[in-house]
Participant: 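The structure's right below; bear with me while I get my questions together.
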Amino acid sequence: VVTGLLQKLWDAGFIYRDTYEGWYSVAEERFLTDKEYEEGEWREVKRLSETNYFFKMSEFQPRLINYIRDNPKFIQPDFRRNEVLGFLKQPLGDLCISRPKSRLSWGIDLPFDTDYVTYVWFDALTNYITAVGYPHDPDRFNKWWPVDYHLIGKDILTTHAVYWPTMLMAAGIPLPKTIFAHGWWLKDKAKMSKSVGNVVRPQYLVNDFGADALRYFLVREMVFGQDSSFSDEAFVGRFNADLVNDLGNLVSRTLGMIDQYCDGKIPEPDLDDERYKKMESRVKECAVNWESHFDTYQLHKAVEEVWSLLSDLNKFIVAQAPWVLAKDEAKRKELNTVLYVVAEAVRLVALLISPVMPVKSHKALEYMDRDVPGIRIPPEHIKRLKQAEDPKEEGVRMCLDFIAEVKEYPGVAGVHIMAMAWEDVVERIVTEAGLMPRPRPSKEDTEAKAPSAAPAGGAGKNLDAEPVLNTLD
């Protein structure tokens, strides 16, 4: 594929041979401009004169500038877009794409001169398009390309927002719809360094708190596109305040009260009750804002939106005091409506947090016996799994088939599959195939740790009432 692409650009006159003389960093294996040499800190720099092949990147500079200006969402966040436009105010040089075999023996031969090998970027960046079928599987390629988001680190922005687009333009291949540059995680506001030792080891946090808690913290604390700082104190604070108190207590209180007051079944609500109507409106508002924030990669705001709803739900429970309503049989209708509203809102909260916390959202929905968004396995695949010698190993292979079709799943379900860790996906497949029992909550799992005014109960049982607040359905 690489040689085919190089030959195509050579035939089109976008690659030429020339002799370059200038500064060369042996350690970084790259040529330097005079400005880079004077302003940067480079190792083993020497003066070098060498014949190589160059890509006419400069020829596409005006076209790239116009494209960025005409497509304001092409580079995000906006300040990164302005950064690239500032870079392009200076004349754009051509790109050296080869090394002579006399100096570099390994690599992909240039198809038009076998004394040279290609040396970044045509052998590296083309992986983005070959992975989705270019050029041998046009149907697959056209399905997946151009990608909606090309997610990269801020330190390789120029490579992906200048080099890569000009290469695609020369080859006549559509550009990604959006290139999004994310920031760096710092440790206690300092750049992480192995030599300094100020690194965060996520496996330790996962072992102690779970992957969902770590994912939640990373999404909640980072304004996507900017740097963010990790601290142990901030992580533990979020875990206790947001996950244990706000989310955990709400779910356990809800299940406990339904178990105690309604025999474990969601009651029928009074659809004309103003409490129902107000909470329905609030949940819809949350869902709309959540989706808008995800579409614009403001992930922290999407999570904040859900936690704002959690706060309102906890206040709603305190204000309505279902433990008081339960003492008066004349207020049974009010109690039923209050508990239904909270239970249905919790169900939708579980759906909304599923891209960030797939395991906990699954657990909450399974406790409530609601359908879990995600993979639906055809009967022939279940048969395949049951006949497999190692169901989990077979499940991994099956995952590849399902992930390849992820765009077939609309809305939350599609996002959910993408967010799930491989282990979670395999476990889900094996569970769906009937090879592993579905987890059921124990009394200890669901005992309320809420204030004394909210009674604790056992596990939630079958919740029979049809959901009415089907905002996301």
Side-chain angles (χ1 to χ4, degrees), residues 1-3 5-7 9-10 14-61 64 80 83-84 86-128 130 152-168 170 179 181-186 190-199 227:
V1 176
V2 173
T3 55
L5 190 60
L6 288 167
Q7 187 66 55
L9 269 58
W10 171 262
F14 295 135
I15 295 176
Y16 65 93
R17 176 174 169 148
D18 199 3
T19 299
Y20 174 85
E21 182 175 350
W23 300 107
Y24 182 79
S25 170
V26 178
E28 279 83 8
E29 296 184 336
R30 58 164 292 188
F31 289 100
L32 308 173
T33 65
D34 289 338
K35 184 177 181 181
E36 286 176 328
Y37 172 68
E38 293 169 0
E39 296 180 356
E41 296 181 4
W42 310 96
R43 296 171 294 160
E44 299 180 62
V45 177
K46 65 179 182 179
R47 201 71 183 171
L48 182 68
S49 177
E50 186 173 85
T51 299
N52 269 304
Y53 287 85
F54 295 81
F55 166 56
K56 291 183 179 179
M57 188 165 63
S58 59
E59 191 167 315
F60 295 91
Q61 183 173 4
L64 179 60
R80 296 297 180 197
E83 181 182 317
V84 173
F87 174 80
L88 290 172
K89 288 181 179 179
Q90 303 300 319
L92 190 61
D94 290 338
L95 191 63
C96 181
I97 61 165
S98 71
R99 294 291 187 270
K101 284 185 176 179
S102 59
R103 191 158 66 82
L104 186 68
S105 58
W106 59 270
I108 300 173
D109 287 358
L110 294 184
F112 38 80
D113 190 339
T114 55
D115 289 332
Y116 287 82
V117 294
T118 185
Y119 186 81
V120 293
W121 294 97
F122 280 90
D123 58 346
L125 296 175
T126 50
N127 280 288
Y128 293 126
T130 58
I152 61 165
K154 68 175 186 178
D155 50 328
I156 50 175
L157 178 62
T158 301
T159 303
H160 288 79
V162 178
Y163 298 2
W164 181 225
T166 56
M167 290 165 56
L168 290 172
I179 297 171
H182 64 75
W184 290 341
W185 272 99
L186 310 175
K191 187 175 180 180
M192 294 188 203
S193 168
K194 288 183 180 178
S195 58
V196 175
N198 63 333
V199 295
D227 292 345

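Numbering of residues begins at 1 and proceeds along the displayed sequence. Treat the numbers as computed from the prediction; the structure is a model and nothing was measured.
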Participant: Output all residues satisfying salt bridge (charged side-chain N to carboxylate O under 4.0 Å, His left out) with Glu59, sequence neighbours left out; order by chain, then residue number.
Facilitator: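 By the salt bridge (charged side-chain N to carboxylate O under 4.0 Å, His left out) rule, Glu59 matches no residue at all.
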
Participant: Starting at OG1 of Thr159, measure out to CE of Met167 and round the result to the nearest 0.5 Å.
Facilitator: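 Here the interatomic distance stands at 10.5 Å.
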
Participant: Do Lys191 and Asp227 meet the salt-bridge criterion of a basic N to acidic O distance under 4.0 Å?
Facilitator: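 So Asp227 does not pair with Lys191 through a salt bridge.
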
Participant: For residues Thr158 and Glu83, determine if any side-chain heavy atom of one lies less than 4.5 Å from a side-chain heavy atom of the other.
Facilitator: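 Answer no - side chains too far apart.
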
Participant: Between Leu110 and Trp10, is a side chain to side chain contact (heavy atoms under 4.5 Å, CB included) present by the stated rule, with each step listed?
Facilitator: CA-CA 10 Å; Leu110 294 184; Trp10 171 262; over 6 Å; no

Participant: How close do Ala161 and Leu64 get, heavy atom to heavy atom, and via which atoms?
Facilitator: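 Closest approach of Ala161 to Leu64: O-CD2, 3.8 Å.
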
Participant: Would Leu48 and Arg103 count as a side chain to side chain contact (heavy atoms under 4.5 Å, CB included) here? Give the steps.
Facilitator: CA-CA 12 Å; Leu48 182 68; Arg103 191 158 66 82; 4.3 Å; yes

Participant: Just to verify, what does Arg99 make a salt bridge (charged side-chain N to carboxylate O under 4.0 Å, His left out) with, not counting sequence neighbours?
Facilitator: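 Testing Arg99 for salt bridge (charged side-chain N to carboxylate O under 4.0 Å, His left out), a comparison that skips the adjacent residues, returns none.
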
Participant: Using 0.5 Å steps for rounding, measure from the OG1 atom of Thr118 to the CG atom of Leu6.
Facilitator: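 One gets 5.0 Å once the value is rounded to the nearest 0.5 Å.
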
Participant: Is any side-chain heavy atom of Trp184 closer than 4.5 Å to a side-chain heavy atom of Asp155?
Facilitator: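 With C-beta onward as the side chain, the pair touches.
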
Participant: Holding to ring pair (Phe, Tyr, Trp, His ring centres under 6.0 Å), I want the full list of residues that pass it with Tyr116, two or more places apart in sequence or in another chain.
Facilitator: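 Per chain and number, Tyr116 pairs via ring pair (Phe, Tyr, Trp, His ring centres under 6.0 Å) with Tyr53.
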
Participant: For Lys56, enumerate each residue passing the salt bridge (charged side-chain N to carboxylate O under 4.0 Å, His left out) test, keeping only those at least two apart in sequence or located in another chain.
Facilitator: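 Testing Lys56 for salt bridge (charged side-chain N to carboxylate O under 4.0 Å, His left out), a comparison that skips the adjacent residues, returns none.
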
Participant: Among residues at least two apart in sequence or on other chains, which ones pass salt bridge (charged side-chain N to carboxylate O under 4.0 Å, His left out) with Arg43?
Facilitator: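 In terms of salt bridge (charged side-chain N to carboxylate O under 4.0 Å, His left out), with neighbours along the sequence ignored, Arg43 is linked to Glu28.
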
Participant: Identify the heavy atoms of Val117 and Ser105 that sit nearest to each other, and give their distance.
Facilitator: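 Residues Val117 and Ser105, closest heavy atoms: CG1-O, 4.5 Å.
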
Participant: Give me the atom names and distance for the closest heavy-atom approach of His160 to Pro165.
Facilitator: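 That would be O-CD, 3.2 Å.
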
Participant: Check whether the ring centres of Tyr163 and Phe55 lie less than 6.0 Å apart, and answer yes or no.
Facilitator: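 No, too far apart.
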
Participant: Only counting residues at least two apart or in another chain, list the ones meeting ring pair (Phe, Tyr, Trp, His ring centres under 6.0 Å) with Tyr16.
Facilitator: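 In terms of ring pair (Phe, Tyr, Trp, His ring centres under 6.0 Å), with neighbours along the sequence ignored, Tyr16 is linked to Phe54.
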
Participant: Going from OG1 on Thr166 to CZ on Phe14, what distance comes out if it is rounded to the nearest 0.5 angstrom?
Facilitator: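 Atom-to-atom, Thr166:OG1 and Phe14:CZ are 10.5 Å apart.
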
Participant: For Glu36, does its backbone N or O pair with a side-chain atom of Trp42 as donor and acceptor, under 3.5 Å?
Facilitator: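 Confirmed, Trp42 side chain pairs with Glu36 backbone.
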
Participant: In terms of side-chain geometry, is the basic nitrogen of Glu38 or Lys35 positioned less than 4.0 Å from the acidic oxygen of its partner?
Facilitator: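 No, Glu38 and Lys35 are not salt-bridged.
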
Participant: Do Leu157 and Phe87 come within less than 4.5 Å of each other through their side chains, counting heavy atoms only?
Facilitator: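 When only atoms from C-beta onward are counted, Phe87 and Leu157 do not touch, as no gap falls below 4.5 Å.
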
Participant: Kindly compute the distance separating OH (Tyr119) from CG (Asn52), expressed to the nearest 0.5 Å.
Facilitator: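 With rounding to 0.5 Å, OH (Tyr119) is 11.5 Å from CG (Asn52).
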
Participant: Ignoring hydrogens, what is the shortest heavy-atom contact between Asp113 and Arg17? Give both atom names and the distance.
Facilitator: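 So the two residues come closest at OD2-NH1, 3.1 Å.
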
Participant: Check for a donor-acceptor pair, side chain of Asp115 on one end and backbone N or O of Pro100 on the other, with a separation under 3.5 Å.
Facilitator: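 Flag not set: sc Asp115 to bb Pro100 has no pair under 3.5 Å.
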
Participant: Please round to the nearest 0.5 Å and tell me the distance separating atom CE of Met192 and atom CG of Leu186.
Facilitator: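 It is 7.0 Å, given to the nearest 0.5 Å.
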
Participant: Between Asp109 and Thr114, does a side-chain hydrogen bond (donor to acceptor under 3.5 Å, both in side chains) hold up when you go through it step by step?
Facilitator: CA-CA 5 Å; Asp109 287 358; Thr114 55; 5.5 Å; no

Participant: Nearest 0.5 angstrom please: Met57 CE to Ile97 CD1, how far?
Facilitator: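 One finds 11.0 Å between CE of Met57 and CD1 of Ile97.
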
